Amino acid sequence: MILAGNWKMNKTNEQAKFFVNKLVQDLAGMGFQIVLCPPFVFLSDIAEILKGSNLHLGAQNCYYEKSGAFTGEISPLMLKELGVKYVIIGHSERRHIFGETDEMINKKIKAVLNSGMKPIICIGETKEEREKGLTFCVVESQLRQALFGLNRDDIDQIVIAYEPVWAIGTGIVAKPNQAQEVHKFIRELLEQLYDQESAQKVPILYGGSIKPDNFFGLMVQPDIDGGLVGGASLDDQFIELAKIISGLI
Ligand code: PGA
């Protein structure tokens, strides 16, 4: 199980440090992967606070080149050096606001893996696509393109996050059975592309309007292996979510 918090573009550095110090205390000893993905500029300070704790550092994005003339971008090597373990790639806000294509996302995933970190690969359909009955088609296409050129060893290092776009930041959470059927579909696609053993090992997280009152029902589904949380990762709700997972393992 993995609980990952995607802070997006929120908090000041002081607020970030204060909150992380609290999380380190309140989440101490929890026996599953807890990942904090703050904005880039807080990573270095937060890395210091997380030293010796059971919490892991994640980033929200990165570029796919090691270095060079790419104004405003951050390289995977820079993240690795700071102690980052996970990098969110292909979040729907990156796809829709910043125009990231499946091809760029595939390059970023490879760059993250080559730098020895784990990509959290985000996929999911829009409201319109769901209404047209295209959910499985979109998810399959995004996943196939994301994983293009990745071998079995690579697959052992990835995390997938199913985040229906219509559920992100809207307060409309997917019903547990709605999420489970897509997660099962993703698992079966991984089996087809690789093998059963590898497919079973890939954590598939759900994301989109997770809150303490809807989390349990999602987490008990057989193919849901954790959550990628936006809004509820910014305050004490994150601690409640962690306690829910803790009670399940
Ligand atoms: P939300 O965001 O929990 O605020 O809906 C989830 C995400 O974008 O990862």
Side-chain angles (χ1 to χ4, degrees), residues 1-11 15-16 19 23 33-40 42-43 55-62 84-100 105 108-109 112 117-130 135 138-139 142-143 146 158-176 178-180 182-183 186 202-219 221 224-245:
M1 286 291 234
I2 299 177
L3 178 65
N6 172 13
W7 290 11
K8 309 193 182 184
M9 197 174 73
N10 288 298
K11 295 194 186 290
Q15 289 168 343
F19 183 50
L23 290 180
Q33 294 274 303
I34 302 174
V35 185
L36 306 181
C37 306
F40 288 132
F42 309 154
L43 284 171
L55 308 189
H56 300 280
L57 197 57
Q60 298 174 17
N61 179 32
C62 73
V84 168
K85 187 168 173 192
Y86 293 89
V87 186
I88 299 172
I89 298 290
H91 188 279
S92 90
E93 286 145 22
R94 299 296 321 167
R95 292 176 188 261
H96 297 118
I97 305 174
F98 302 101
E100 286 192 12
I105 290 162
K108 289 183 174 197
I109 292 166
V112 167
M117 298 178 291
K118 294 170 183 284
I120 301 178
I121 304 168
C122 300
I123 55 175
E125 80 289 359
T126 62
K127 183 168 180 274
E128 201 187 6
E129 287 161 346
R130 175 162 281 262
T135 299
V138 170
V139 164
Q142 289 176 341
L143 193 60
I158 69 165
V159 176
I160 294 175
Y162 169 57
E163 298 206 306
V165 180
W166 49 270
I168 297 177
T170 58
I172 303 167
V173 65
K175 293 190 188 77
Q178 263 178 334
Q180 165 58 23
V182 181
H183 281 236
I186 293 169
V202 176
I204 309 176
L205 315 183
Y206 167 80
S209 293
I210 288 175
K211 296 278 176 279
D213 65 0
N214 59 36
F215 198 49
F216 180 83
L218 289 158
M219 291 306 114
Q221 300 300 315
I224 301 185
D225 309 310
L228 178 56
V229 188
S233 73
L234 295 170
D235 55 34
D236 288 356
Q237 293 178 86
F238 195 65
I239 297 162
E240 289 179 53
L241 298 174
K243 284 182 182 159
I244 291 172
I245 294 192

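Worth saying up front: this structure is predicted, and the values here are computed from it rather than measured. Atom set for the values below is all heavy atoms of this structure, side chains included, hydrogens, waters and symmetry mates excluded. Read the numbers this way: they start at 1 and go in the same order the structure lists the ligands and their atoms.
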Practice problem: Would you check, one step at a time, whether the test side-chain contact (heavy atoms from CB on, under 4.5 Å) holds for Asn61 with Lys108? | Solution: CA-CA 9 Å; Asn61 179 32; Lys108 289 183 174 197; 2.8 Å; yes

Self-check item: Pair Trp166-Glu125, side chain to side chain donor-acceptor pair (under 3.5 Å): steps then yes or no
Solution: CA-CA 8 Å; Trp166 49 270; Glu125 80 289 359; 2.8 Å; yes

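For the pair Lys11 and Phe19, the distance from NZ or CZ to the six-membered ring centre is under 6.0 Å and the angle to the ring normal is within 45 degrees.
With hydrogens left out, the protein atom closest to atom 2 (O) of ligand 1 is Lys8 NZ, 3.3 Å, a heavy atom. Remark: minimum distance from atom 9 (O) of ligand 1 to any protein heavy atom is reached at Glu163 OE2, 2.6 Å. Here the protein heavy atom with the shortest distance to atom 4 (O) of ligand 1 is Gly231 N, 2.8 Å.
Taking every heavy atom of Gly208 and a limit of under 4.0 angstrom, the matching atoms of ligand 1 come to 5 (O). Set against the non-hydrogen atoms of Ser209, the atoms of ligand 1 under 4.0 Å away are 1 (P), 3 (O), 5 (O). Here is the list of ligand 1 atoms found below 4.0 Å of a heavy atom in His91: 7 (C), 8 (O), 9 (O). Atoms of ligand 1 found under 4.0 Å from any heavy atom of Asn6 (numbered from 1 in listed order, with element): 9 (O).
Judged by distance alone, the side chain of Thr126 and the main-chain N or O of Val165 form no donor-acceptor pair under 3.5 Å. In terms of modelled atom types and a separation under 3.5 Å, the side chain of Gln142 and the main chain of Gly124 share a donor-acceptor contact.
Here the side chains of Gln33 and Lys118 are not in contact, with every heavy-atom distance at 4.5 Å or above.
Rounding to the nearest 0.5 Å gives a distance of 11.5 Å between CD1 of Ile105 and NE2 of His91.
Contact annotation: for Ile168 versus ligand 1, heavy atoms closer than 4.0 Å belong to both the backbone and the side chain. Residue Ala167 touches ligand 1 through its backbone alone, judged by heavy-atom distances below 4.0 Å.
In the displayed structure, Lys211 atom NZ is contacted under 6.0 Å by more than 12 heavy atoms of other residues, nucleotides or ligands.
Geometrically, ligand 1 and Gly230 share a nitrogen or oxygen pair separated by less than 3.5 Å. The N/O atoms of Gly169, backbone and side chain alike, include one that comes under 3.5 Å of an N/O atom in ligand 1.
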